[in-house]
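As the structure lists them, so they are numbered: ligands from 1, and atoms in each ligand from 1.
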Amino acid sequence: MPNIVSRPRRNRKTESLRSLVRETELSVKDLIMPLFVIEGENQKQEIKSMPEIFKFSKDLVVKECKELYELGIPAVVLFPSLGESLKDKFATESCNKNGLYLQTIKSIKQAVPELTVITDVAMDPYSSDGHDGFVNEKGEIENDTTLPVLAKMSVAQAEAGADIVAPSDMMDGRVGFIRKALDESGFSGVGILSYSAKYASAFYGPFRDALDSAPKSGDKKTYQMDFANVKEALREVELDVSEGADFVMVKPGLPYLDVVRAVSEFSKVPVAVYNVSGEYAMVKAASQNGWIDYEKTMMEILICFKRAGAKMILTYHAKDAAKLLGKN
Ligand code: PBG
């Protein structure tokens, strides 16, 4: 007989015992569902590279929001999918009060006021260049010319009823600039969820398909972060918090759990993680082939985000996970 005094397996003997020693819990209250909106009425289009994720017209996205809220999901993040004819160099459509995006925010807040609506601040869904910032004649993405566009867009979204604006553009100084604009317009109660550590990633592919928002030239490497870096993430977080961010985010999620861990230890504000489109697509594709179990894989991934230190998770799995988790 070997003399083994300490036997970790004793604590894993039964499910009830395992539940007693479990260090991390996942709740529906941790989940934020990203939603895509399109023009029209009664429209529901599946995104090819994201099976079972749809782009909804305004009426149907409102219906979807009611369902998500009924399931216990506390928040959604909205993205507009616009036709090419509405795009220009200055993202003018982003401030159109009668346009799709601002009208949708308004309708959701009217129909489900308790649901937290998070809006996207960046130029790419409205930009004829497909970049998050203003592109000059030399093809450079101009930081300081972009800031007023982002600030105007944020105020317009706040006016439409956004609870939280989420700048996803990675321009320097944008959190402070947006905070000032919101405060000066009477929206000191509207929060900022900053995509602080957003990396230049190939995992955004399906999202860009969905929005038809891929850059027309070049890539996003002069503003989104190099995926080889983690210290730089802390620098970005420090700046964003000092400029007034209420939440900071790490994106993508799965290959970046070390960044989530580092940021969560460093940050005094809640940390969000974005389980992005490419991560969803991989899980979905493998499970559709019968190569992995969809539900088990999904739950494992979501718990791992919590274990790494994320307080909230933006994920296309939110609705599926909510159905498994129940309301609490
Ligand atoms: C752009 C934006 C992107 C995503 C959210 N906002 C793509 C990009 O930076 O090109 C990606 C989200 C996802 O892949 O699920 N402002």
**Q** As a check for students: among F79, Y223, F207, F203, identify the option with a heavy atom nearest to atom 7 (C) of ligand 1.
**A** F207
**Q** Among protein heavy atoms, which sits nearest to atom 2 (C) of ligand 1, and what does the distance come to when rounded to 0.1 Å?
**A**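 That would be K198 NZ, 3.1 Å.
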**Q** Is it the case that over 12 heavy atoms from other parts of the model lie below 6.0 angstrom from the NZ atom of K216?
**A** yes
**Q** Specify the protein heavy atom at minimum distance from atom 15 (O) of ligand 1: its residue, its atom name, and the distance to 0.1 Å.
**A**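 Sorting protein heavy atoms by distance from atom 15 (O) of ligand 1 puts Y316 OH, 2.6 Å first.
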**Q** Considering only NZ, NE, NH1 and NH2 on the basic side and carboxylate oxygens on the acidic side, decide whether D129 and K87 come within less than 4.0 Å.
**A** no
**Q** Just which atoms of ligand 1 are under 4.0 Å from any heavy atom in Y274?
**A** 12 (C), 15 (O)
**Q** I need the contact type for D124 against ligand 1. Using non-hydrogen atoms and a strict under-4.0 Å cut-off, is it side chain, backbone, both or neither?
**A** side chain
**Q** Below 4.0 Å, non-hydrogen atoms only: which portion of A122 touches ligand 1? Side chain, backbone, both or neither.
**A**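 For A122, the contact with ligand 1 is made by the side chain alone.
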**Q** Is ligand 1 under 4.0 Å from a heavy atom in the side chain of Y280, in the backbone, in both, or in neither?
**A**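 Contact part for Y280 vs ligand 1: neither.
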**Q** Give the residue and atom name of whichever protein heavy atom lies nearest to atom 8 (C) of ligand 1, and the separation in Å to one decimal.
**A** K220 NZ, 3.3 Å
**Q** Taking L31 as the fixed residue, which of L314, T315, L68, N275 is the one that meets the side-chain contact (heavy atoms from CB on, under 4.5 Å) rule?
**A** T315
**Q** So which protein heavy atom does atom 11 (C) of ligand 1 come closest to, and at what separation?
**A**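 Answer, as residue, atom name and distance: K251 NZ, 3.0 Å.
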**Q** If you count the atoms of ligand 1 from 1 in the order shown, which ones are under 4.0 Å from a heavy atom of Q224?
**A**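 It comes down to these atoms of ligand 1: 8 (C), 9 (O).
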**Q** Tell me the nearest of A210, P215, P206, S168 to atom 16 (N) of ligand 1, using heavy-atom distances.
**A**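 Residue with the shortest heavy-atom distance to the ligand atom: S168.
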**Q** Any salt bridge between E265 and R261, counting N to O under 4.0 Å?
**A**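 A salt bridge is present here (some side-chain N lies under 4.0 Å from a carboxylate O).
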**Q** For a ring pair (Phe, Tyr, Trp, His ring centres under 6.0 Å) check, start with the C-alpha distance between F36 and F54, then their side-chain angles and the critical distance, and finish with the verdict.
**A** CA-CA 7 Å; F36 300 102; F54 300 88; over 10 Å; no
**Q** Under 3.5 Å, is there a donor-acceptor pair between the S168 and D120 side chains?
**A** yes
**Q** When only distance counts, is D132 in polar contact with ligand 1, meaning an N/O pair under 3.5 Å?
**A** yes
**Q** Kindly identify the option in A214, P125, S277 whose heavy atom sits closest to atom 13 (C) of ligand 1.
**A**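 Considering heavy atoms of A214, P125, S277, the nearest to atom 13 (C) of ligand 1 sits in S277.
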**Q** Using 30° and 60° as the class boundaries, would you call the ring planes of F90 and F134 parallel, tilted or perpendicular?
**A**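 The rings of F90 and F134 lie parallel, inter-plane angle below 30°.
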**Q** Check whether NZ of the Lys or CZ of the Arg K198 lies under 6.0 Å from the centre of the six-membered ring of Y204 and within 45 degrees of that ring's axis.
**A** yes
**Q** Can you tell whether the side chains of E15 and R18 come within less than 4.0 Å, N to carboxylate O?
**A**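 Salt bridge between E15 and R18, a charged N being under 4.0 Å from a carboxylate O: yes.
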